[in-house]
Amino acid sequence: MNTDFTQGLNPMQKAAVLHTEGPLLLIAGAGSGKTRVLTHRMAHIAGHLARPYEMLAITFTNRAAKEMKERIHRLKPYDAHDMWVATFHSCCVRILRREIHHIGYDNSFVIYDMDDAAKLLKGVLKEMNVNERQFPPKSILSAIGRQKDELVGPEDFAAMSAGNYRDEIMAEIYKNYQKQLYGNNALDFDDIILKTLELFMRHPIVLDKYARRFRYIMVDEYQDTNTAQYQLVRLLASVHGNICVVGDDDQSIYGWRGANIRNILDFEKDFYGAAVIKLEQNYRSTGNILEAANGVIAYNQGRKAKKLWTRAQPGESLNFFKAESDYREADYIVEKISQGLADGAKHKDFAVLYRINSLSRVIEEKLVERNMRYRIYGGIRFYERREVKDTLAYLRAIHNPHDDISIKRIINVPKRGIGGVAVDFFEKIAAEHDIKFYDVLKNAEMYSQNTARNRKIANFIELLEDFRARAAELPLEELVKEVLTKSGYHSSIVAEDEADGTDRAANLSELINKAAGYEADDLDENEGQTSALAAFLEDVALVADIDDHSENDDTVALMTLHSSKGLEFPTVFLPAFEEGIFPTYRAVTSGEPAEIEEERRLCYVGITRAKQRVYISMAGRRRHNGQTISNAPSRFLQEIPQELVESQAVPITPPPPPRPAFKRTERAAQNIDFNQAAMQPNFGKKWDLSKIKKM
DNA sequence: CTCCTTTGTCTTTTT
DNA sequence: GACAAAGGAG
C-alpha cells in the first residue's frame with residue numbers, strides 16, 4: 001500500500017503536507033493546488049498519525065466537502081467514511097442533533113432559511129406594533145445576523161444600546177425574535193454556529209468530548225470565517241492544538257456576511273508559534289491571465305505579501321469588448337462560445353461570471369435562442385421555489401408540529417377557507433395563553449364558538465395527524481406522494497395555470513425523486529438522524545444550488561462571481577464591467593475604500609477562475625431595475641496592465657502605477673476613451689458580423 | 001373569505 | 001419589470 005502521499009508535490013506543498021503538529025497557516029493563492037495539498041495532507045495523517053474519525057476538515061460549501069471526500073477516497077489508504085469532512089453549518093448541526101438538549105432545545109429542531117426567518121420576524125414586528133417601514137424586516141434580519149456573527153446575544157445588545165431609542169427597539173425585536181425561534185424549536189443559519197458555541201461554553205464536558213476527539217483539524221477558506229466560526233475553531237482545537245487553516249486573503253469576499261479578514265491576518269498572533277507556508281506557484285492559468293489578476297489586486301492595501309507566479313506560457317491576451325447594449329453584449333458572449341464549440345471545445349469549458357444574478361437573464365435568453373446547453377447556478381434556488389417550499393412546509397409540519405411558520409404556510413394552501421382572520425384569531429389566543437399555535441388549533445372548539453370555522457380547522461388537523469401516522473410506516477418517497485395528493489396540493493398546482501402549472505408539477509416530481517434517495521435503512525447513526533424524513537429535511541435546509549455543480553453535465557455555467565470561488569474553467573466571460581455594477585453602486589457611493597477593495601478581490605477571484613481565456617465586456621446601455629442606464633467602464637478594467645488586453649481602444653495615457661493612493665485610481669480611470677472601443681469593436685479573426693442579429 | 005387591482009419596493013453577493 | 005403587500009369589490 002502506498003504510504004507516501006507527497007509524491008508529485010512541489011517543495012512547499014510537500015512541507016505543508018508533512019507539517020502536521022501545532023498550528024499551521026497555509027497561504028494558498030488561487031490555483032496553487034490547495035485542494036491537492038489538503039487532501040494529501042489528510043491522507044498522510046490518516047495513514048500515519050491518526051484514525052479517520054479523529055480528523056475534522058471544515059469547508060465552506062457542501063460541494064467542496066464532497067469533492068474533498070472523493071479525492072481523499074481516491075488516495076484511498078483507509079475508509080474515509082468516518083472522517084468528518086463538512087461545512088461549518090453541517091458540522092455544527094451534527095453536533096447539535098446529539099447535544100442540543102443540554103441547552104434546552106429539542107433534538108428534533110428545524111432549521112429556518114431566510115424566508116422562514118423573515119416571516120417569523122414579521123410576526124414579531126406585528127406583535128410589537130412596530131412599523132415595518134421604520135424597521136424593514138430584511139435589514140433587521142441582517143443586523144441581527146451581524147450581531148450573532150460577532151457573538152452579541154440579545155442581552156448584550158440591549159446593554160450596548162441603552163440610551164439609543166432605535167437600538168433599544170432593535171434589542172427588543174432581537175429578544176422576541178430569539179424567543180420565538182426557541183418556541184418553534186427552530187434555529188436560523190447563524191444560530192447553528194452560535195448555539196454550538198453556547199453549548200460548548202456552558203457545558204465544557206461536551207466541548208471536551210469533541211476537542212479530545214479531533215486530534216487534527218483543518219479549515220478551508222479561512223479568510224471567509226467570521227468571529228463566531230473563529231471561536232468555534234479555537235475551542236475545538238484547544239486540546240490538541242493541531243490546527244491547520246488554509247486561505248487566501250486576496251479571495252476574501254464575504255465581508256458583508258460578517259467574515260472577519262483579521263482572522264487570517266492575525267492567525268500568527270492568535271495561535272502562538274504558528275508556522276506559515278505560502279503556496280505561490282499557480283498551476284491553473286496562463287501567464288497573461290495571472291499577470292492581469294496580480295495587476296488588479298496590487299491596488300489593494302493591507303494584504304499579506306504574496307505574488308503568484310507560473311511556469312506556463314503567456315498565452316493569449318485578455319479580451320475586452322464594449323457592446324452597444326446588454327443584448328449585444330450577450331450576443332458577443334454567445335457568439336464566442338459558439339466559435340469555441342466549433343473549434344472543438346465542450347459546453348462545460350465556458351463560464352459566465354457576473355456580479356449580480358439579474359444579469360443572467362439576457363444571456364440566458366440568447367443561449368436559449370441558439371439552443372445551447374447551459375445551467376444557471378444560484379439565483380432562485382430549487383428549494384426556494386414556491387411549490388417546493390410549500391411541500392417542504394407540509395413535511396416539516398409533519399415532522400415538527402410546533403413549527404408555526406410551516407403550519408401557517410400551509411394552513412390555507414390549497415384553499416381551505418381558513419384565511420388570515422382565522423389565523424390571527426387563534427394566534428392571539430396562543431399568545432395570550434402562552435400555548436403553542438398548533439395546540440390551540442387542535443382544541444379550537446375550546447376557544448371559539450364559530451362551528452363552521454372549527455370544522456375546517458379540525459379537518460386540517462386531522463389531515464396532518466393522519467400524515468404523521470403514515471410517516472412512520474411509509475417510505476419517504478411514498479409519504480411525499482401521499483401528502484401531495486391527499487392534501488389536494490398537487491391538483492391545485494396543476495389547475496392553477498397552464499404553462500406555469502406544468503413547470504411547477506415538474507419541480508414537484510423532481511422533489512419526489514430527491515426524496516426517493518432517502519431510506520430508513522441507510523441512516524447514519526453517527527449523525528444522530530432518527531428518520532429518513534428528518535435526514536431529508538436536514539439536508540435540504542443546508543444545500544446551496546452550487547453544490548450540484550458537476551463535471552459530468554456538459555453545460556455552459558452561469559453563476560455569480562461569489563459562487564464561482566473554488567471552480568475553474570478554460571474560458572471565462574466577465575460581463576458588465578461597469579461602474580455601478582461591478583464595482584456595485586453601493587460600493588462606489590459609500591465612500592468606504594474597504595468596500596471597493598472587497599469588490600476588487602471579487603474581480604481577482606473572477607479573473608483567476610480562467611485557465612486559458614478571459615473575455616471582459618461592458619455595455620454602452622443596459623436595462624437595470626426597469627430603467628435604461630449608461631455606465632462608465634469599471635475602474636478594474638483600468639487596473640489590468642493594458643498591454644495584456646486586446647481591444648481597439650489603446651489607452652491614451654499610461655496606466656497608473658500599482659499601489660497608488662485611492663483617489664489617484666479613480667482619476668486615472670477617466671482618462672481612457674472607451675467610446676473609441678465602441679466605434680471599432682475588435683471581433684477577432686473568426687467573428688462574422690452578419691451573425692449578429694439586429695435588435 | 002377570496003379575487004382582483006393598485007401601489008411600492010427592489011437588486012449585490014449566500015451558508 | 002417582478003413581486004409582495006394593501007385595499008376594494010363581490
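Here is how names work: the chains are called A, B, and so on, in the same order as the sequence lines, proteins then strands, and each is numbered from 1.
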Answer with base, sugar-phosphate or nothing: what part of the nucleic acid does [X] contact at a heavy-atom distance below 4.0 Å?
X	answer
Lys565(A)	nothing
Phe60(A)	sugar-phosphate
Lys456(A)	nothing

[X] side-chain proximity, nearest of [options]:
X	options	result
Lys415(A)	dC3(B), dT12(B), dT15(B)	dC3(B)
His624(A)	dT12(B), dT15(B), dT11(B)	dT11(B)
Thr560(A)	dT2(B), dT13(B), dT15(B)	dT13(B)
Val421(A)	dA5(C), dC1(B), dT12(B)	dC1(B)
Thr87(A)	dT15(B), dA2(C), dT12(B)	dT15(B)
Asn412(A)	dT15(B), dT13(B), dT2(B)	dT2(B)
Ala422(A)	dC1(B), dT12(B), dT14(B)	dC1(B)

Any [X] side-chain N or O less than 4.0 Å from OP1/OP2 of [N]:
X	N	value
Lys122(A)	dA5(C)	yes
Ser563(A)	dT14(B)	yes
Asn357(A)	dT13(B)	yes
Arg257(A)	dT14(B)	no

message = Under a 3.5 Å distance rule, please check whether Glu329(A) uses its side chain to pair with a backbone N or O of Ala576(A) as donor and acceptor.
response =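 Yes, the answer is positive, given that a donor and an acceptor are paired below the 3.5 Å cut-off.
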
query = Is the backbone of Glu597(A) close enough, under 3.5 Å, to the side chain of Asn300(A) for a donor and an acceptor to pair up by distance?
reply =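 Here the side-chain-to-backbone pair exists.
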
task = Evaluate the ring planes of Phe60(A) and Tyr254(A), with Trp represented by its six-membered ring, and classify them as parallel (under 30°), tilted (30 to 60°) or perpendicular (over 60°).
result =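 The rings of Phe60(A) and Tyr254(A) sit tilted, inter-plane angle from 30° to 60°.
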
Spacing between [X] atom [atom1] and [N] atom [atom2], to the nearest angstrom:
X	N	atom1	atom2	result
Arg386(A)	dA2(C)	CZ	C1'	14 Å
Arg609(A)	dT13(B)	CZ	P	19 Å
Asp116(A)	dT15(B)	CG	C1'	15 Å
Ile457(A)	dC1(B)	CD1	P	10 Å
Glu579(A)	dT12(B)	CD	P	16 Å
Arg361(A)	dG1(C)	CZ	P	9 Å
Arg623(A)	dT11(B)	CZ	C1'	15 Å
Leu561(A)	dT14(B)	CG	C1'	14 Å

request  = State the pairing partner of dC3(B); accept Watson-Crick or G-U wobble contacts with both distances under 3.5 Å, and report none otherwise.
outcome  =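 When the pairing criteria are applied, dG8(C) turns out to be the nucleotide that pairs with dC3(B).
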
request  = Identify whether NZ of Lys or CZ of Arg in Lys366(A) sits under 6.0 Å from the centre of the six-membered ring of Tyr327(A) and within 45° of that ring's axis.
outcome  =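 No cation-pi geometry.
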
query = With a cut-off of under 6.0 Å to the ring centre and 45° to the axis, is Arg166(A) in cation-pi contact with Phe135(A)?
reply =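 Yes, a cation-pi geometry holds between Arg166(A) and Phe135(A).
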
key: dT12(B) pyrimidine/purine six-ring stacking with Trp256(A), under 5.5 Å and 30°   = no

query = 5'-most contact on DNA chain B: Ile356(A) or Asp190(A), nearest heavy atom basis?
reply =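 Nearer the 5' end of the strand: Ile356(A).
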
More than 12 heavy atoms from other groups under 6.0 Å of CZ on Arg453(A) = yes

